[in-house]
Amino acid sequence: MSDATHVASGKVREIYALDDERLLLVASDRISTFDVVLPTDIPDKGRVLTGLSAFWFARTREIVPNHLLELRDDGRSMECRRLEMLPIECVVRGYITGSGWKDYQATGEVCGHRLPAGLVESEQLPEPIFTPATKAHTGHDENITREQAAALVGEERFAEAERISLALYRHGSEWAAARGIVLADTKFELGLDPAGRLVLGDEALTPDSSRFWPADSYEPGRGQPSFDKQFVRDYCETRGWDKTAPGPELPDDVVDGTRARYVEAFERLTDIAFDDYLADPEVVVR
Ligand code: Q0Z
């Protein structure tokens, strides 16, 4: 780590430059809820997210190449190829929730996709839709139409990004559904390699970049509980917190229950014991 210079911070992750071609992505154990990072860590959360990303990168290489070069022994750091990231977030939605639900209620459309009338909150869409967003450096990403996205990246890149994103979502959502997890929606970040080819970067199909819902309690017509963060949200609600920083410290039972949910998501999706991952992170890419 002494040879790496810090280049960027996300809410719960850090990026370091290793050299001109390589970055180190480090996932912390921080957790955010209602857009605020809480003062209490969830032990091993960063390892769960890194392991899941690496798992998906290994399993989606036939769909799109990715930036992963090496998973480090700490289980929370990945050496990656440095890419020229596209200036759009590649969001795919299979269910109508979040900002998609808001936009649909206001206009009957999401990112220019006209949807059937009468959808209820959290309902599955007739088919998954690609709903690009701009990268807001402060505040929230903004949904944009395919025309706006195509103007930012070019028609040809847009069409390729859409095709890749839908294929990744279909793969991930079918895999997750077979293991009792609804992948409601997800966000990919694509970049260009030096040859100008699209490459999957950042994290992929993790609970921080997606909405995971427990399939056994799925019920359209209401908001769904989050597979991973529901204990934290419930606790924050009982505290009557106003959702401005700083958030509340979490009690041990909320921390333990939340850690168990992250580990459960990892084990269900990978069919690998989390202890085996801790002993040798490369198990997820073999
Ligand atoms: C990803 C982000 C994070 C803060 C830049 N392979 C890549 N090449 C170039 N840039 C990126 C990547 Cl992954 C890149 N982000 C998002 C991640 C902390 C922001 F860990 N920003």
Side-chain angles (χ1 to χ4, degrees), residues 1 3-33 35-38 41-42 44-61 63-92 132-142 144 149 152-153 157 160-161 164-165 168 172 185-210 228 245 262 281 284-285:
M1 283 294 303
D3 50 343
T5 49
H6 183 255
V7 293
S9 290
K11 281 211 289 277
V12 301
R13 296 178 301 155
E14 307 293 336
I15 307 186
Y16 300 84
L18 294 171
D19 55 41
D20 289 351
E21 287 90 39
R22 295 181 308 144
L23 297 175
L24 186 70
L25 261 63
V26 184
S28 74
D29 291 338
R30 297 193 293 272
I31 187 168
S32 70
T33 189
D35 281 323
V36 173
V37 177
L38 300 181
D41 284 357
I42 305 299
D44 293 324
K45 172 177 175 282
R47 293 189 174 91
V48 165
L49 269 64
T50 298
L52 269 177
S53 267
F55 171 82
W56 291 117
F57 285 145
R59 269 146 200 85
T60 59
R61 301 170 50 182
I63 300 173
V64 60
N66 60 70
H67 71 165
L68 176 60
L69 294 170
E70 187 169 302
L71 192 49
R72 288 205 169 171
D73 284 341
D74 65 9
R76 67 170 70 251
S77 326
M78 296 201 287
E79 296 180 15
C80 303
R81 288 192 277 163
R82 197 194 283 257
L83 306 170
E84 191 186 322
M85 302 309 291
L86 299 187
I88 58 171
E89 309 276 8
C90 293
V91 178
V92 180
T134 56
K135 294 182 183 186
H137 284 279
T138 115
H140 275 125
D141 297 342
E142 192 189 343
I144 55 177
L152 287 169
V153 302
R157 288 270 179 257
E160 203 188 352
I164 290 167
S165 299
L168 289 169
D185 55 28
T186 195
K187 176 179 81 180
F188 302 109
E189 301 228 19
L190 296 171
L192 299 173
D193 70 9
R197 283 182 285 256
L198 279 176
V199 175
L200 179 60
D202 207 54
E203 61 181 329
L205 298 166
T206 69
D208 275 10
S209 63
S210 320
D228 44 302
Y262 280 101
V284 294
V285 297

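Throughout, numbering of the chain's residues begins at 1 and tracks the sequence. In listed order, ligands and their atoms are each counted from 1.
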Handout entry: Audit row: Lys45, Asp228, salt bridge (charged side-chain N to carboxylate O under 4.0 Å, His left out) steps and yes/no
Key = CA-CA 10 Å; Lys45 172 177 175 282; Asp228 44 302; over 6 Å; no
Handout entry: Stepwise salt bridge (charged side-chain N to carboxylate O under 4.0 Å, His left out) test for Glu14 and Arg30
Key = CA-CA 11 Å; Glu14 307 293 336; Arg30 297 193 293 272; 3.0 Å; yes
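- Counting only heavy atoms from C-beta outward, the side chains of Glu160 and Leu190 never approach each other to under 4.5 Å.
- Residues that satisfy the side-chain contact (heavy atoms from CB on, under 4.5 Å) test with Val36, not counting sequence neighbours, are Trp241, Ala245.
- Side-chain contact between Leu49 and Arg13 is absent, with no heavy-atom pair separated by less than 4.5 Å.
- A distance limit of 4.0 angstrom between heavy atoms and ligand 1 selects the residues Ser9, Gly10, Arg13, Glu14, Ile15, Leu23, Leu25, His67, Arg81, Arg82, Leu83, Met85, Asp202.
- The shortest distance between side-chain heavy atoms of Phe188 and Leu200 falls below 4.5 Å.
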